[in-house]
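Have a look at the structure below before the remarks.
The figures that follow rest on heavy atoms only: side chains count, while hydrogens, waters and symmetry mates do not. On a predicted model such as this, the values are computed, not experimentally measured, just so you know.
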Amino acid sequence: MTQMSPRCGTVALVGRPNAGKSTLLNRWVAEKVAIVSDKPQTTRHRLIGIVNGGRGQMVLWDTPGIHRGKHRLNRRMMQETLDSLNAADVVCLLADATASHGSGDEYVIELLSKVEAPRLVAVNKIDRVNKRGLLPRMERYAEAGFFDEIVPISALDGDGAEVLIDLLWDRLPEGGARFDRDMFTVHPERFLAAEWVREQVLARTRDELPYSTAVLIERWQEDGPGGILHIEGSILVERDGQRRIVIGSGGSMIKAISTDARLGLEELLDRRIYLRLEVRCEDNWRERKTVLARLESEVGGDLD
């Protein structure tokens with residue numbers, strides 16, 4: 001029996017905001033690489049998850065949701081996605097089965113029509129819709145004429161996820177692993193910590209806040225091997241009213257955010273953590289090059 005050559009390549013997970021890309025990435029990697037929220041535009045950078053298996057190594061790119069944003073931050077997010085579309089070995093479009101097909105979806109199809117790599121569609125969230133209602137949505141993508149496969153899945157419960165990843169493996173080029181096979185991501189721990197804090201902000205604050213908040217790690221210090229890891233971070237907001245919301249009455253909100261983030265980080269990093277957070281007003285930070293550059297520098301890792 002002829003042994004198959006190992007495969008290695010990149011798969012860009014793309015789609016509109018809140019389509020379930022991060023949930024699918026975390027499921028396949030079996031680690032929490034990307035934070036998850038029901039708020040749109042949760043993913044702000046190209047995040048990398050690494051799947052190692054008998055067939056080789058698959059490098060997944062979780063990309064910001066495709067949208068038309070007015071801020072410098074949003075434009076940078078979209079550039080991350082466009083760069084991924086042009087550089088990936090395979091592109092997998094996630095479409096939300098619970099949302100009606102509209103002009104935003106047509107814009108995504110137009111973007112993908114110019115991509116040279118193999119393209120697949122995963123119609124996601126089938127656990128939340130009538131199966132018979134999926135057919136018109138799948139037919140619309142079939143009409144585009146350039147998708148190799150159209151697969152109904154649920155990233156949340158895993159239905160169809162293994163079928164989809166097998167189809168992606170089939171389209172990866174042959175080659176040796178790019179990263180150590182013990183790695184599940186390339187992002188530094190301090191970036192994951194900042195994201196974990198931001199996830200708690202997203203989970204606990206009102207709908208208008210997620211777009212105008214960010215997290216910066218200001219201090220990262222360990223008390224020797226096995227000692228406590230001291231983390232200090234700043235939650236950025238744009239207005240004083242937002243600052244009051246994040247702090248909460250008597251500091252109740254920031255205390256809850258800190259506690260939940262610390263417990264999650266202790267499990268992720270497998271060490272005791274002291275976490276101190278402050279909330280800082282940075283007027284119009286989404287347009288400020290210095291703030292955006294610092295946020296991008298925290299992502300780290302080799303993205304290619």
I'd like to know if the side chain of [X] reaches the main chain of [Y], judged simply by a donor and an acceptor atom lying under 3.5 Å from each other, with no hydrogens or angles considered.
X    : Y    : answer
K39  : L202 : yes
N124 : A155 : yes
E149 : L120 : no
D62  : L47  : no
N52  : M183 : yes
N26  : T23  : no
R262 : R272 : no
D89  : T10  : yes
R171 : V90  : no
R119 : V115 : yes

Step through the shown structure and confirm whether more than 12 heavy atoms of other residues, nucleotides or ligands are within 6.0 Å of [atom1] on [X].
X    : atom1 : value
E267 : CD    : no
R294 : CZ    : yes
R132 : CZ    : no
D270 : CG    : no
E143 : CD    : yes

Between [Y] and [X], is there a side-chain heavy-atom distance shorter than 4.5 Å?
X    : Y    : result
I247 : R244 : no
V215 : E195 : no
I48  : W61  : yes
W285 : L295 : yes
E238 : R286 : yes
V163 : D166 : no

Would L112 and F147 count as a side-chain contact (heavy atoms from CB on, under 4.5 Å) if you check the C-alpha gap in whole Å, the side-chain angles of each, and the deciding distance to 0.1 Å?
-> CA-CA 9 Å; L112 267 67; F147 291 109; 3.7 Å; yes

Quick check: closest heavy atoms across [X] and [Y], and the distance to 0.1 Å?
X    : Y    : value
G49  : L25  : N-CD1, 3.9 Å
T81  : P64  : OG1-O, 2.8 Å
L73  : R44  : CD2-NE, 4.1 Å
S212 : Q242 : OG-NE2, 3.1 Å
R178 : C8   : CG-SG, 3.6 Å
S22  : V36  : CB-CG2, 4.2 Å

Check against side-chain contact (heavy atoms from CB on, under 4.5 Å), W169 and V51 | CA-CA 11 Å; W169 277 116; V51 178; 4.2 Å; yes

Please say yes or no: joined through hydrophobic side-chain contacts below 4.5 Å, possibly via intermediate residues, are [X] and [Y] part of one cluster?
X    : Y    : result
I257 : W196 : yes
L94  : L167 : yes
I153 : L134 : no
I35  : F184 : no
L277 : F191 : yes

How far apart are the C-alpha atoms of Q200 and V197, what are their side-chain angles, what is the distance that settles it, and do they pass the side-chain contact (heavy atoms from CB on, under 4.5 Å) test?
-> CA-CA 5 Å; Q200 299 309 314; V197 171; 5.8 Å; no

Just one of E222, E218, E232, E298 clears the salt bridge (charged side-chain N to carboxylate O under 4.0 Å, His left out) bar with R190, so which one?
->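 The option that passes is E298.
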
Rounded distance (nearest 0.5 Å) linking atom [atom1] of [X] with atom [atom2] of [Y]:
X    : Y    : atom1 : atom2 : answer
H230 : L275 : NE2   : CG    : 11.5 Å
E287 : H71  : CD    : NE2   : 6.0 Å
M253 : T205 : CE    : OG1   : 6.5 Å
E199 : T42  : CD    : OG1   : 8.5 Å
L168 : M58  : CG    : CE    : 5.0 Å
S234 : L216 : OG    : CG    : 6.5 Å

Have a look at V237 and tell me which of D283, V201, V246 forms a side-chain contact (heavy atoms from CB on, under 4.5 Å) with it.
->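 The option that passes is V246.
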
Scan L13, I165, L60 and name whichever one has a side-chain contact (heavy atoms from CB on, under 4.5 Å) with C92.
-> L13

Criterion side-chain contact (heavy atoms from CB on, under 4.5 Å) on V33 and I50, from CA distance to verdict = CA-CA 10 Å; V33 176; I50 303 169; over 6 Å; no

Is R55 salt-bridged to D170, cutoff N-O under 4.0 Å?
->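 Between D170 and R55 there is a salt bridge, with a charged N closer than 4.0 Å to a carboxylate O.
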
Does the distance from a Lys or Arg side-chain N to an Asp or Glu carboxylate O, for R140 and E106, drop under 4.0 Å?
-> yes

Using only heavy-atom distances, determine whether the side chains of S84 and T63 contain a donor-acceptor pair under 3.5 Å.
-> no

Between the side chains of T185 and E31, does any donor sit under 3.5 Å from an acceptor?
-> no

Would you please test R137 and D96 for salt bridge (Lys or Arg N to Asp or Glu O under 4.0 Å) and show each step?
-> CA-CA 10 Å; R137 191 68 181 263; D96 184 350; over 6 Å; no

H101: what forms a ring-ring contact (aromatic ring centres under 6.0 Å, His included) with it, not counting sequence neighbours?
->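 ring-ring contact (aromatic ring centres under 6.0 Å, His included) check on H101 returns Y141.
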
Verify salt bridge (Lys or Arg N to Asp or Glu O under 4.0 Å) between R76 and E80, making sure each step is shown before the conclusion.
-> CA-CA 6 Å; R76 290 194 179 197; E80 292 258 17; over 6 Å; no

